[in-house]
Amino acid sequence: MIVPVLFSLFAVCNAQQILNLKDFDVNTGTKISQVAPYAIYVSASTDDTTLLKQINVKTTDNQVKNLYDLSRNHIMQNTGLLQPFVVNVTTEASISTTLSAEQMGKLTGFLYITTSKQLTNNHFLVYNVQEAELIKVPTDDYTIVFLNSNYSILTSQPFQSSSISAWSQTEGSSVKLYEGCPRDDAEKENSQFFSNPAVMINGKQMFFPVVEIFSLSLGAFYFKSSKGVQFVISNEFTDVNNRPTTSKITTGLYMKPITVNDRKVSIFTGHDDKLNGTIGVNVVGSVPANANFSVTYPIKWVTIPTNIIQSWSIPEISDRLGLDTINSVAGEVFVQYYMIQGNQSINPVTTTMLPGRQTTSRGIETTTKSNAIVQLFTSFIITILGARYL
Ligand SMILES: *[C@@H]1O[C@H](CO)[C@@H](O)[C@H](O)[C@H]1NC(C)=O
Ligand SMILES: *[C@@H]1O[C@H](CO)[C@@H](O)[C@H](O)[C@H]1NC(C)=O
Ligand SMILES: *[C@@H]1O[C@H](CO)[C@@H](O)[C@H](O)[C@H]1NC(C)=O
Ligand SMILES: *[C@@H]1O[C@H](CO)[C@@H](O)[C@H](O)[C@H]1NC(C)=O
Ligand SMILES: *[C@@H]1O[C@H](CO)[C@@H](O)[C@H](O)[C@H]1NC(C)=O
């Protein structure tokens, strides 16, 4: 079951960006083919630490770090925010190990290699998803990559699951989520699997004050945000099936991960008969040839998910929204759903996304356990982000 999941990560990231440890050749060593300068990050949450300590990254200007140290190279203890290992311009880096091919072949961790542009962007951050952490993205343009290499097999839940909850965003800001790793060039329009403001069927966008808890089962995904957002991320699975929504005007996400069986999922709307309104979905995904996705309730709508959003909506609300994937065990599907309950038909408003950057950014803040840590961390991160340029 592990193998297809690792493949899926490969498919969405450039092969130069994600290097699976199991693919390294222990005899020859592996030179990283990216042109320096760039940064290396390591995610290997459930690999044996004694094995990770026997794998080194070496550069031609004599920097050496083992992968255990790199995977725990946090900006601060108790947060998942990783420090980059910088490969300097005109140097090269390679991986070497004393492990056997068999030991190496069982590792599930990976290296994430940035581009030069990402290295020099101080609004580009990389997290390893671990225990619950509050992430506050400043009011500026940020790209935040989340890595999840949790292959813990103690539960029957999908591998590499991250839950996102306690979302808080103010109107006028914008957040888009994409699968895989960011590239230097802009994403295709409407290729995000979730956004707020959300895409509406008439080509307009609508901001939702509430975002329901959701779960992603992905090795890598990223946020592009402007004007700030905050949420809690943790390395656990949350099943959205049969969940009631928490607000009358709200949006959320259902993801069917690759290798996970097809199933019928219901989202309960808490519909008040006295109110009418609108319910809708935006679907993206990548599925095998005979697969499709359908809204089964309140009325049937069928489509074949692609890498660009397909939208469906009706001007009514039922007590339940039924979502179903067909023949898509070897595929993955993302469904952003939304509901707008009111006493009249609500015309989606166009949200203007203002380009450009604000000058008030103070660096990202994250919280784990105590407030004392938050205070410290906020000032600490500025030093680190600044230090990348020295
Ligand atoms: C190379 O990178 C290391 C680590 O970031 C840094 O300490 C060192 O000054 C760099 N060397 C050059 C020549 O830039
Ligand atoms: C991996 O995920 C499981 C299930 O959510 C969690 O209990 C465990 O703590 C995680 N392990 C690591 C090392 O992050
Ligand atoms: C959806 O998939 C099922 C099973 O392959 C197929 O019978 C059905 O015709 C498909 N529907 C559409 C609209 O493609
Ligand atoms: C719609 O609801 C609001 C607030 O509940 C109420 O003030 C208003 O009178 C209602 N309008 C109609 C047409 O029912
Ligand atoms: C919603 O309900 C109100 C009050 O009953 C009605 O005036 C309006 O036409 C309804 N809108 C739609 C889209 O059904």
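Counting starts at 1 for both ligands and their atoms, in listed order.
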In terms of atom number and element, which parts of ligand 3 are under 4.0 angstrom from non-hydrogen atoms of [X]?
X: N327; result: 4 (C), 5 (O)
X: N292; result: 1 (C), 2 (O), 3 (C), 8 (C), 10 (C), 11 (N), 12 (C), 14 (O)
X: V302; result: 11 (N), 12 (C), 13 (C)

Can you check salt bridge (charged side-chain N to carboxylate O under 4.0 Å, His left out) on K224 and E187, steps first, answer last? CA-CA 10 Å; K224 283 207 156 175; E187 293 76 12; 3.3 Å; yes
Of V129, L134, I144, the one forming a side-chain contact (heavy atoms from CB on, under 4.5 Å) with I233 is V129
Problem - Close side-chain approach of W301 to F293, heavy-atom, < 4.5 Å - result: yes
Going by atom types only, do [X] and [Y] share a side-chain donor-acceptor pair under 3.5 Å?
X: T30; Y: D25; answer: no
X: T250; Y: E212; answer: yes
X: D324; Y: T296; answer: no

Smallest heavy-atom separation, D47 atom then K106 atom, equals OD1-O, 4.4 Å
The atoms of ligand 2 lying under 4.0 Å from a heavy atom of E236, numbered in the order shown, are 5 (O)
For S152, the ligand 2 atoms with a heavy-atom partner under 4.0 Å come out as 1 (C)
Ranking N128, N235, T238 by closest non-hydrogen atom to atom 14 (O) of ligand 2, top hit is N235
Heavy-atom proximity to atom 3 (C) of ligand 2 ranks first, among N150, N148, D47, for N150
- Task: Kindly indicate whether atom 7 (O) of ligand 3 is approached by any protein heavy atom to under 4.0 angstrom.
- Result: no
closest protein heavy atom to atom 13 (C) of ligand 2 is S45 O, 3.5 Å
